[in-house]
Amino acid sequence: MASPSLITLGGALSAVSGVVALMVSYIAYRLLRLGDVNVLTYISLSFMLLGVGLVLQGALGVMLGLRLGNLYEDARATFLIGVLYLVIQNVAYLILVLGYARSAYYASAAMIIITPYELSRLFLLGHLVFDLSQLISIFLLMLLVFEAILVSSRSGGSFSGFILASFVALLASHVTMLYASMIRTPFYYIMGELIQFASFALLLAFLLRWYRVG
C-alpha cells in the first residue's frame, strides 16, 4: 500500500482537479445559448460529473492520508466512493463520446451516462477493477480524440483544436495511470494525476479565453 503522504498528495490533486472540472462545467454552461444543444452541452454535463466525483474522492483521500476521523471507516468510504467514481467517470467520457459523435456525424446521439476515474491502489482499489476501468476510459477517450479530430478538421477553428489538445492530454493521463498500476509504482500514478490536472486546466483556459472574446 502507498504511504500516507502519497495518499494525501493524490487526494489533494484529485480535489483540485475536481474544482477545475467544475469551473470548466460552469464556463461551458455560461457559453451555451438558451435552448441550444452542442458540444458545450456535453462538456458542461460530463465535467460536472467528473468535478463532483473528484472533489468528494479527493476529500476522502486527504482524510485517509492525514488519518483524520475513523481510519477504517474512512478507508472503506474512500474505496466505495472510488469504485463509484470509476463508474461516474466512464459515464462522463461516454457522454463526451456521444456528444462529439453527434457533432461529427450529425447523428442524434442519446444522452447516456457512464463515467469512471482512476484511483488505483492509492485509494485501496483492487488492480483488476482499476485496470479494467482505465482500459474502458482509454478506449472511450481514443474514440473521443478521433471524433474531436473529425470535428476540428471540419470546423477549421482554433477552439476545436484547443479542446482536442486537452482531450489528448487526458488520454495520456489515463495511459500513465494504467502504466503505474501495471508496474505498481505510485510515482507514475501521481504523474498521471498531474497530467489530468493539466488537461482540465488547459480546457478551462481555452473556455475562459473564448468566453472573454465572446
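Put simply, L207 and Y29 are part of the same group of oily side chains (I, L, V, M, F, W, Y) that touch within less than 4.5 Å, one to the next. A single hydrophobic cluster is not seen to contain both V175 and I195; linkage of ILVMFWY side chains at heavy-atom distances under 4.5 Å, directly or through other members, places them apart.
In summary, the side chains of S14 and E193 do present a donor paired with an acceptor at a separation below 3.5 Å, with no hydrogens or angles considered. Under 3.5 Å, the side chains of Y179 and H174 contain no donor-acceptor pair of N or O atoms.
Every residue two or more places apart in sequence or in another chain that forms a side-chain contact (heavy atoms from CB on, under 4.5 Å) with L143 is listed here: V97, F139. In this view, F206 and F162 satisfy the ring pair (Phe, Tyr, Trp, His ring centres under 6.0 Å) rule, not counting sequence neighbours.
Taking every heavy atom of both residues into account, L6 and P186 meet most closely at CD1-CB, 3.7 Å. Of all the heavy atoms in G61 and I7, the pair that sits closest is O-CG2, 3.5 Å. Closest non-hydrogen pair, A28 versus L40, comes out as CB-O, 3.8 Å. Closest non-hydrogen pair, S17 versus F197, comes out as OG-CB, 3.4 Å. Nearest heavy atom pair, residue S25 against residue S44, reads OG-O, 2.6 Å.
A distance of 15.0 Å separates CD1 in I27 from CZ in R209, rounded to the nearest 0.5 Å. Distance check, rounded to the nearest 0.5 Å: OG of S137 to CE of M142 gives 13.0 Å. Separation of atoms CD (E147) and CG (L164) is listed at 11.5 Å; rounding is to 0.5 Å. With rounding to the nearest 0.5 angstrom, the OH atom of Y93 is 5.5 Å from the CG atom of L50.
L60 has its side chain out of reach of L64: every pair of non-hydrogen atoms, C-beta onward, lies at least 4.5 Å apart. With contacts defined as side-chain heavy-atom distances shorter than 4.5 Å, the pair V19/L22 does not qualify. Looking only at side-chain heavy atoms (C-beta outward), F200 and L54 come within less than 4.5 Å of each other. Put simply, the side chain of L141 does not reach to within 4.5 Å of the side chain of F167, judged on heavy atoms.
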**OP:** Might you work through the side chain to side chain contact (heavy atoms under 4.5 Å, CB included) test for L132 and I136, ending with a clear yes or no?
**Re:** CA-CA 6 Å; L132 178 60; I136 294 173; 4.3 Å; yes
Original post:
Should L96 and L140 be marked as a side chain to side chain contact (heavy atoms under 4.5 Å, CB included) after you check the CA-CA gap, both sets of side-chain angles, and the distance that decides it?
Top reply: CA-CA 9 Å; L96 285 172; L140 291 173; over 6 Å; no
**OP:** Applying side chain to side chain contact (heavy atoms under 4.5 Å, CB included), run through L203 and I43 and close with a yes or a no.
**Re:** CA-CA 10 Å; L203 184 55; I43 290 177; 4.3 Å; yes
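The closest donor-acceptor contact from the side chain of S152 to the backbone of A148 lies at 3.5 Å or more, if one exists at all. Looking only at distances, a side-chain donor or acceptor of S166 sits under 3.5 Å from a matching main-chain atom of I163. A donor-acceptor pair under 3.5 Å is absent between the side-chain atoms of S181 and the main chain of L178, judged by distance alone.
Y26 has its ring centre no less than 6.0 Å from the ring centre of F47.
Of the candidates L170, L204, L194, L171, S199 forms a side chain to side chain contact (heavy atoms under 4.5 Å, CB included) with just one, namely L170.
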